[in-house]
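Structure, as structure tokens:
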Amino acid sequence: MMISPKNFVDIAKKYQFSNYVCIPCSFLTPLINYVCQDNKSRYLSCVNEGDAVATASGLTIGGSRSIVMMQNSGLGNAISPLSSLNYVFEIPVLLMITHRGAPGIDDEPQHSLCGEITTTLLKDLCIPWEYLSLEEDQINESFKVATSYMLSKERPYAFITSKDTFKSHDSKTKKYKQNKTKNNNLYFYYYTKRLPLRREILNKILKHTRVDNSVLIATTGYTGRELYQLKDRENQLYMVGSMGCVTSLGLGLALSLTDRKIVVIDGDGSALMRMGNLSTIGAYKPNNLVHILLDNEVYESTGGQQTVSSTTEFGQIAKACGYVSIYEGDDPILIDILFNDLEHTQGPWFVSIKIKPGTIEKLPRPSLTPKEILRRMMKQVATNF
């Protein structure tokens with residue numbers, strides 16, 4: 001007995017799940033094929049499982065419930081956001097994890113260990129799970145249990161699926177079309193050899209953004225703490241942990257909060273850690289996403305160890321990945337130029353600014369918990385889970 005992809009998706013819609021954020025697995029091919037053809041579902045192809053979880057979390061924060069589909073071998077890639085984003089900020093997403101290498105099942109050798117420890121990993125991550133029943137009349141009950149848990153506990157829940165869970169569904173034309181048009185980029189650069197401090201750039205960003213029409217997300221480390229110290233506002237979110245996931249969280253928010261500018265404030269170490277998400281942003285091209293990368297060439301909050309950004313051309317990478325409007329340099333005036341250009345240029349926008357290391361002594365941490373900061377922001381943008 002197998003599940004009809006259509007029936008599964010229809011039940012998911014009943015519980016307001018319309019986004020499928022995916023790293024493909026052959027066990028899920030029939031479901032993926034159906035979702036890609038369903039005009040009332042959104043399929044997003046991500047580059048790794050951690051970014052998929054963070055993107056789904058952004059969509060969920062923006063009021064659009066999401067299912068993350070992955071192979072169990074990719075669960076390790078998702079441990080960072082599951083443990084330090086979803087757990088800490090209490091963001092519920094529904095995971096659908098295929099059980100490759102399950103005990104007693106003959107599979108490829110690379111799946112053997114992960115097959116044995118999949119359920120243990122979920123238990124250790126404090127994520128309740130169930131095997132998805134092959135009885136179609138049980139699927140509604142599974143969604144009912146999962147949704148009830150996710151809304152009451154504000155935590156992820158997982159379905160584990162096996163081979164031949166879904167009935168075959170042929171791939172036809174995919175409903176999503178990535179924009180491959182070449183390449184009317186705006187590329188602006190301005191170098192002065194006078195490196196600013198991080199707080200100079202953050203003050204400019206604060207000057208150009210309003211609480212009622214923007215969301216600011218600051219990467220983990222000193223960036224979020226400095227932004228908080230300069231001015232704490234209801235539309236701001238300060239990442240803790242989940243390093244590198246700020247862009248994927250921002251992508252999900254941009255796709256769900258289309259009436260607001262989503263301003264992602266990134267760092268060089270963070271961007272290098274999950275650079276593949278630049279390709280995802282460039283593929284889906286949200287026209288309300290502003291990605292500002294502050295590059296001081298060090299991991300400053302851990303003691304100033306060097307990154308490898310001195311040999312990395314972030315602006316050229318963003319252009320190659322499909323960002324439309326790119327700015328780079330070392331002068332705070334780039335922020336003024338960027339925000340003045342927003343009304344007559346196209347996004348997503350990318351700004352790479354070289355800055356010098358340095359912060360204030362006794363830099364404070366936010367007085368609110370991560371959950372309180374997130375719920376305050378969600379109240380400001382009028383969304384809920």
Side-chain angles (χ1 to χ4, degrees), residues 5 8-9 12 17-38 41-60 64-86 91-102 107-108 110-111 113-115 117-119 121-122 125 127 129 132 156-166 169 171 174-176 178 242-252 255 273-284 321-322:
F8 180 90
V9 170
F17 290 93
S18 58
N19 302 292
Y20 294 80
V21 189
C22 186
I23 303 295
C25 174
S26 59
F27 286 9
L28 296 172
T29 296
L31 179 60
I32 293 169
N33 288 346
Y34 181 81
V35 168
C36 288
Q37 298 162 35
D38 178 34
S41 298
R42 174 193 278 145
Y43 177 83
L44 291 173
S45 176
C46 285
V47 294
N48 65 65
E49 292 80 5
D51 281 324
V53 168
T55 298
S57 299
L59 285 160
T60 301
S64 190
R65 292 181 189 170
S66 301
I67 299 174
V68 182
M69 301 193 292
M70 69 174 76
Q71 190 178 111
N72 57 340
S73 60
L75 185 55
N77 284 335
I79 286 175
S80 175
L82 287 171
S83 61
S84 60
L85 176 65
N86 296 83
I91 305 169
V93 296
L94 182 59
L95 308 174
M96 181 175 290
I97 302 168
T98 62
H99 202 170
R100 303 297 302 264
D107 207 332
E108 301 292 337
Q110 66 267 27
H111 299 304
L113 177 59
C114 195
I117 66 174
T118 295
T119 57
L121 282 174
L122 289 171
L125 288 164
I127 298 174
W129 57 272
L132 191 64
Y157 190 92
F159 292 155
I160 298 179
T161 67
S162 58
K163 188 177 182 180
D164 298 326
T165 294
F166 293 98
H169 191 91
S171 177
K174 294 183 179 180
K175 85 177 188 70
Y176 70 99
Q178 297 175 357
S242 55
M243 185 169 170
C245 289
V246 66
T247 53
S248 43
L249 184 75
L251 171 62
L255 293 172
M273 183 172 285
R274 292 188 180 270
M275 198 180 295
N277 196 56
L278 273 66
S279 289
T280 311
I281 292 171
Y284 293 105
C321 287

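Both backbone and side-chain heavy atoms feed into the values below; hydrogens, waters and symmetry mates do not. What you see is a predicted model, and the numbers here were worked out from it, not measured in a lab.
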Task: Leu44 and Thr280, any side-chain heavy atoms less than 4.5 Å apart - done: no
Open item on the list: Can you tell me how far apart CD (Gln37) and OH (Tyr43) are? Round to the nearest 0.5 Å.
Closed with: 12.5 Å
Open item on the list: Do Pro5 and Pro30 make a side-chain contact, defined as non-hydrogen atoms from C-beta onward lying under 4.5 Å apart?
Closed with: yes
Task: With sequence neighbours excluded, residues passing ring pair (Phe, Tyr, Trp, His ring centres under 6.0 Å) with Phe27 - done: none
Task: Side-chain heavy atoms of Ile23 within contact of Cys46, under 4.5 Å - done: yes
Open item on the list: For the backbone of His111 and the side chain of Ser73, can you confirm whether one donor and one acceptor N or O come within less than 3.5 Å of each other?
Closed with: no
Task: side chain to side chain contact (heavy atoms under 4.5 Å, CB included) involving Leu121 - partner list, sequence neighbours excluded - done: Leu75, Ile79, Ile117
- [ ] Using a 4.5 Å cut-off on heavy atoms from C-beta on, say whether the side chain of Leu59 contacts that of Leu251.
- [x] no
Task: Shortest non-hydrogen separation from Cys321 to Ser279 and the atoms involved - done: SG-OG, 3.4 Å
Open item on the list: For Leu85 and Val53: C-alpha separation, side-chain torsions, deciding distance, then whether side chain to side chain contact (heavy atoms under 4.5 Å, CB included) applies.
Closed with: CA-CA 9 Å; Leu85 176 65; Val53 168; 5.6 Å; no
Task: Set of residues satisfying side chain to side chain contact (heavy atoms under 4.5 Å, CB included) with respect to Ser18, sequence neighbours excluded - done: Ser64
Task: Distance (rounded to the nearest 0.5 Å) between His99 NE2 and Trp129 CH2 - done: 8.0 Å
Task: Residues that Tyr20 engages under ring pair (Phe, Tyr, Trp, His ring centres under 6.0 Å), provided they are two or more places apart - done: none
Open item on the list: Quick one, Cys22 and Ile32 - any side-chain contact, counting heavy atoms below 4.5 Å?
Closed with: yes
Open item on the list: Can you confirm whether Val21 sits close enough to Val93 that some side-chain heavy atom of one is under 4.5 Å from a side-chain heavy atom of the other?
Closed with: no
Open item on the list: Under a 3.5 Å distance rule, please check whether Asp107 uses its side chain to pair with a backbone N or O of Gly101 as donor and acceptor.
Closed with: yes
Open item on the list: Measuring from atom OG of Ser57 to atom CD1 of Ile91, what distance do you get when rounded to the nearest 0.5 angstrom?
Closed with: 4.5 Å
Open item on the list: A side-chain contact here means heavy atoms from C-beta on lying under 4.5 Å apart; do Phe17 and Ser41 qualify?
Closed with: no
TODO: Please report the shortest heavy-atom distance between Asn19 and Arg65, naming the atom on each side.
DONE: ND2-O, 3.1 Å
Open item on the list: Would you say that Val9 contacts Tyr34 through its side chain, given a criterion of any heavy-atom pair below 4.5 Å between the two side chains?
Closed with: yes
Task: CG-CG distance between Leu125 and Leu95, expressed to the nearest 0.5 angstrom - done: 9.5 Å
TODO: Could you pull out all residues at least two apart from Thr161 that satisfy side chain to side chain contact (heavy atoms under 4.5 Å, CB included)?
DONE: Leu28, Met96, Thr98, Leu132, Thr165
Open item on the list: Please check this pair: side chain of His169 against backbone of Leu31, looking for a donor-acceptor N/O pair closer than 3.5 Å.
Closed with: no
Open item on the list: If I take atom OG1 from residue Thr55 and atom OH from residue Tyr284, how far apart are they, to the nearest 0.5 angstrom?
Closed with: 9.5 Å
Task: Approximate separation, where rounding is to 0.5 Å, of Cys36 SG and Asp38 CG - done: 10.0 Å
Task: Ser84 side-chain N/O to Pro81 backbone N/O, donor-acceptor pair under 3.5 Å - done: no
TODO: Would you name the heavy atoms of Ile97 and Gln71 that are closest together and state the gap between them?
DONE: CG2-C, 4.3 Å
- [ ] Please name the pair of heavy atoms, one in Cys245 and one in Gly50, separated by the smallest distance, quoted to 0.1 Å.
- [x] SG-O, 4.3 Å
- [ ] Would you please name every residue forming a side chain to side chain contact (heavy atoms under 4.5 Å, CB included) with Asn48, sequence neighbours left out?
- [x] Asp51, Arg274
Open item on the list: Do Arg100 and Asn72 pair up side chain to side chain, a donor and an acceptor below 3.5 Å, judged on atom types alone?
Closed with: no
